[in-house]
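One structure is given here, and the rest of the page talks about it.
The figures that follow rest on heavy atoms only: side chains count, while hydrogens, waters and symmetry mates do not. Just so it is clear, the model here is predicted, and its values are computed rather than measured.
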Amino acid sequence: MGVRKMTIEAVAEAAGVGKTTIYRWWRSKGLLALEAFEHGFGVLEPTEPPSTGSLRTDLWQLARRLLQSKGTVAYRLGPQIIAEAQADPDLAAEIYNRMILPYRSMQTPVFEKAVQRGEISESVDTGLVLDALYGAYFHRVLLHHGEIDHAFFDALVDLLVSGAQAIHVRERNQAPG
């Protein structure tokens with residue numbers, strides 16, 4: 001059916017309860033869909049960040065979960081929830097607070113370790129690197145543009161790591177001394 005066509009009335013009827021029961025738990029159909037998404041896509045639970053000894057392979061480990069979601073219900077439901085969030089500020093805030101922030105927190109150590117290893121500079125905007133990783137993925141998912149496969153993530157991770165490392169090299173070359 002999809003989120004756009006879903007109604008609270010239909011959900012209540014299918015559950016054998018009244019609409020007020022549904023609204024007692026979820027303020028909108030978007031929030032209900034988000035909870036269903038989280039439940040069905042268990043990998044959204046923050047886990048230990050990857051620590052392979054290389055920024056490139058750590059980022060690939062983060063991207064691997066996106067690749068593994070391809071073809072799942074969550075893969076189809078996620079874009080619909082994002083679309084719903086465009087007209088529902090509460091849903092957009094919940095997506096940010098329940099999904100984006102926890103993942104950002106989990107991924108911060110990946111970049112801290114890369115800085116400690118000397119792979120990248122601490123001045124690299126790691127939020128921008130993550131935006132580019134997830135932004136490229138969602139661009140393809142939302143617009144059905146291009147393949148989402150190993151080759152896509154190989155090229156994307158190479159691009160992001162090369163860009164982050166180029167900033168590090170430029171800063172070293174510009175340092176006095």
Side-chain angles (χ1 to χ4, degrees), residues 2-4 6 8 22-117 119-143 148 152-153 156-161 163-165 167-168:
V3 176
R4 188 170 31 123
M6 179 178 86
I8 294 297
I22 302 297
Y23 279 118
R24 188 175 306 128
W25 290 95
W26 299 280
R27 294 184 311 271
S28 70
K29 71 177 186 176
L31 291 170
L32 173 59
L34 176 61
E35 190 153 323
F37 177 83
E38 288 178 309
H39 179 73
F41 196 46
V43 298
L44 290 178
E45 294 296 322
T47 59
E48 288 295 313
S51 184
T52 64
S54 159
L55 178 60
R56 185 177 315 278
T57 53
D58 285 351
L59 285 179
W60 226 111
Q61 291 299 313
L62 295 175
R64 186 173 53 89
R65 288 192 166 182
L66 298 172
L67 186 58
Q68 289 172 334
S69 75
K70 190 174 176 183
T72 65
V73 171
Y75 180 82
R76 292 185 302 277
L77 187 56
Q80 295 176 42
I81 294 169
I82 291 169
E84 190 72 22
Q86 302 313 296
D88 183 345
D90 288 341
L91 176 58
E94 285 296 317
I95 291 170
Y96 185 77
N97 290 324
R98 289 164 57 175
M99 294 169 61
I100 296 171
L101 280 180
Y103 259 77
R104 292 268 172 139
S105 297
M106 179 194 72
Q107 295 163 349
T108 300
V110 166
F111 296 101
E112 290 170 347
K113 289 177 183 172
V115 169
Q116 291 168 357
R117 290 189 300 264
E119 288 182 273
I120 62 172
S121 167
E122 63 185 26
S123 69
V124 169
D125 183 345
T126 58
L128 183 59
V129 174
L130 290 172
D131 285 347
L133 174 66
Y134 293 110
Y137 167 76
F138 279 111
H139 174 67
R140 288 191 176 199
V141 169
L142 291 169
L143 299 175
I148 298 172
F152 165 69
F153 281 115
L156 180 57
V157 167
D158 283 346
L159 178 69
L160 297 175
V161 171
Q165 290 174 336
I167 292 169
H168 190 51

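Here the side chains of Y23 and L32 are not in contact, with every heavy-atom distance at 4.5 Å or above. Taking 4.5 Å as the limit, some side-chain heavy atom of L66 sits within range of a side-chain heavy atom of Y134.
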field: side-chain contact (heavy atoms from CB on, under 4.5 Å) assessment of Y137 paired with L156
entry: CA-CA 9 Å; Y137 167 76; L156 180 57; 5.6 Å; no

task: Walk me through it: do M106 and L62 pass the test side-chain contact (heavy atoms from CB on, under 4.5 Å)?
output: CA-CA 10 Å; M106 179 194 72; L62 295 175; 4.0 Å; yes

message: Quick one, I167 with S123, criterion side-chain contact (heavy atoms from CB on, under 4.5 Å). Give me CA distance, side-chain angles, the key distance, then yes/no.
response: CA-CA 8 Å; I167 292 169; S123 69; 4.1 Å; yes

- request: Test L59 against F111 for side-chain contact (heavy atoms from CB on, under 4.5 Å), laying out the working first.
  value: CA-CA 9 Å; L59 285 179; F111 296 101; 3.9 Å; yes

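With values rounded to the nearest 0.5 angstrom, T126 atom OG1 is found 12.0 Å from L160 atom CG. Here the straight-line distance linking atom CG of D88 with atom CD of E94 works out to 9.5 Å at 0.5 Å rounding. Separation of atoms CD1 (I120) and CD (E112) is listed at 10.0 Å; rounding is to 0.5 Å. Taken from CZ in F37 to CD1 in I95, the straight-line distance is 8.5 Å, to the nearest 0.5 Å. In this structure, the separation between CD on Q165 and CG on L55 is 7.0 Å, given to the nearest 0.5 Å.
Side-chain atoms of K29 come within 3.5 Å of backbone N or O of R4 as a donor-acceptor pair. With Q86 contributing its side chain and I82 its backbone, the two residues share a donor-acceptor pair below 3.5 Å. R56 places no side-chain N or O within 3.5 Å of a backbone atom of V161 that could act as its donor or acceptor partner. Of the possible donor and acceptor atoms, none in the side chain of E35 sits under 3.5 Å from a partner among the backbone N and O of L31. Looking only at distances, a side-chain donor or acceptor of K70 sits under 3.5 Å from a matching main-chain atom of I148.
Side chain to side chain, T52 and S54 fail the donor-acceptor criterion of an N or O pair below 3.5 Å. A donor-acceptor pair shorter than 3.5 Å cannot be found between the side chains of Y103 and R98. Using modelled atom types, one finds no donor on one side chain facing an acceptor on the other under 3.5 Å when comparing Q107 with R104.
Summarising the geometry of V110 relative to P49, their closest heavy-atom pair is CG2-CB, 4.1 Å, with the distance given to 0.1 Å. The shortest non-hydrogen separation linking A63 to L133 is CB-CD1, 4.3 Å. Among all heavy-atom pairs drawn from L91 and A85, the shortest one is CD2-N, 3.6 Å. A33 and V3 make their closest contact through CB-CG2, 3.8 Å (heavy atoms, listed as atom of the first residue, atom of the second, distance). The two atoms that bring L142 and P79 nearest to each other are CD2-CB, 3.3 Å, heavy atoms only. Taking all atoms of both residues into account, the shortest heavy-atom contact from G53 to R117 is O-NE, 3.2 Å.
Contacts of E84 classified as salt bridge (charged side-chain N to carboxylate O under 4.0 Å, His left out), with partners at least two apart in sequence or in another chain: none.
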